[in-house]
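Below is one structure; the comments refer to it alone.
Values below: every heavy atom of this structure, side chains too, minus hydrogens, waters and symmetry copies. For ligands, and for the atoms within them, numbers begin at 1 and follow the listed sequence.
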Amino acid sequence: DKGNHRHFMAKEIHEQPEVVGRTLAHYVDMARGQVVLREALPFDFARLSRLSITACGTAYYAGLVAKYWFETLARLPVEIDVASETRYREPPLERDGLTLVISQSGETADTLASLRYAKAQGQHTLAVVNVPTSTIARESSAVMPTFAGPEIGVASTKAFSCQLTVLLCLALAAGRARGTLSAERERAIVDALITAPGLMAEAVTMEAAIEGLAREIAKARDVLYLGRGTSYPMALEGALKLKEISYIHAEGYAAGELKHGPIALIDESVPVIVIAPHDAIFEKTVSNMQEVAARGGRIILVGDAKGAAAAGLETLATLTMPEVDPVIAPIVYAVPIQLIAYHTAVFMGKDVDQPRNLAKSVTVE
Ligand code: F6R
């Protein structure tokens, strides 16, 4: 049931404040300002020397964001790869180490094969899954459910923001266990996290502006997405979302990589979508935006008012997001990224819920 939405994808984008709130209610003790993991974990974060993450597609990008969180908040080195590579690369994995798999469906063939490989190496396995009865959930030593509810649209939206929410809670729990995160810092991040559903609802109100912008993006043959830090995997996710439902060629890059190749593509025909909350490395991204502008590139800035003022650049459009704590920015910025892809594809008359060549659950490799 799509409710009063035209597509499941639209319904699922709009549901995010609610389902992220539901996920938070499970993982956060709001009164104490602390994360609570209700399931006892069969391993100790404090004893890990490394965390291996594996997943496919959008779930992989959630894992890439989580790498930044685990490394900064818990000082835990993270190795991450797409599951189709992990399974055949057969990386050396320490006995009693931890492999984290992320999957909406819990049935993705490559992710399942990587999970089985990790188990065979004597690793503990932890699954972040949306379908609690799935094969991956059954075969993992511990399960952290996302509470997104059934996701029908082929392009993953609400499962992604719920994955991010669970992963940030896990990183906070790891930070506490490893003594790298003070109680004050944990409380500050939890306080920010609690505001995420409200901020996502605010982001949804930019829909009319995004619809207007979509008409411009629809004319492009290629689109570049740029970001730094956790906004880099968000750039990758933005590009994936756009290409899979609009069939416009899109690439995500780390903003600092621009001058190492992709800058050759920049001209007035290539919109450059810059994902840049006003965080500690914002100024570095501004210098990349200047490089784009100097070559006639048309910038679409997804940022906040402070950042837009500090950048002082002429853009094709600026999507002014609410100000957010940079730690939780990926969760909130998922919304405009998804809406850009959705409205571009709808304007182009594409079947956004059933894009060509794609299946919701990839149970064969
Ligand atoms: C993209 C998308 C896919 C899935 C990928 C993994 O919008 O939906 O990239 O994220 O196929 O699927 P799960 O999470 O079910 O393992």
Least distance between heavy atoms, Leu93 atom then Tyr117 atom: CD1-CE2, 3.7 Å
Shortest non-hydrogen separation from Val292 to Ile299 and the atoms involved: CG1-CG1, 3.8 Å
Does any N or O of ligand 1 fall below 3.5 Å from an N or O anywhere on [X], backbone included?
X: Gln163; answer: no
X: Thr111; answer: no
X: Val154; answer: yes

What is the nearest protein non-hydrogen atom to [atom], stated with its residue, atom name and distance?
atom: atom 3 (C) of ligand 1; answer: Thr58 N, 4.1 Å
atom: atom 11 (O) of ligand 1; answer: Val362 CG2, 4.1 Å
atom: atom 12 (O) of ligand 1; answer: Thr108 OG1, 3.5 Å
atom: atom 15 (O) of ligand 1; answer: Ser105 OG, 2.7 Å

Spacing of Leu236 atom CG and Glu251 atom CD [to the nearest 0.5 Å]: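 That separation rounds to 9.5 Å.
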Short N-O contact, Glu151 and Lys360, less than 4.0 angstrom: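 So Glu151 pairs with Lys360 through a salt bridge.
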SB check Arg295 Glu291 (cutoff 4.0 Å):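 No, this pair does not count.
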With heavy-atom distances below 4.0 Å as the criterion, list the atoms of ligand 1 near [X].
X: Lys241; result: 1 (C), 7 (O)
X: Gln104; result: 13 (P), 14 (O), 15 (O), 16 (O)
X: Ala59; result: 10 (O), 14 (O)
X: Glu244; result: 1 (C), 7 (O)

Step-by-step side-chain hydrogen bond (donor to acceptor under 3.5 Å, both in side chains) determination, His249 to Asp222: CA-CA 5 Å; His249 170 238; Asp222 309 282; 2.7 Å; yes
Between Glu12 and His7, a side-chain donor and acceptor under 3.5 Å: no
Donor on one side chain, acceptor on other, Ser156 and Gln104, under 3.5 Å: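 No, because no side-chain N or O of Ser156 sits under 3.5 Å from a partner of the opposite role on Gln104.
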Closest candidate by heavy atom, reference atom 6 (C) of ligand 1, pool Ala359, Cys56, Gly57: Cys56
Contact with ligand 1 for Ser361, non-hydrogen, under 4.0 angstrom: no
Mutual orientation of the aromatic rings belonging to Phe45 and Phe43 [parallel < 30°, tilted 30-60°, perpendicular > 60°]: perpendicular
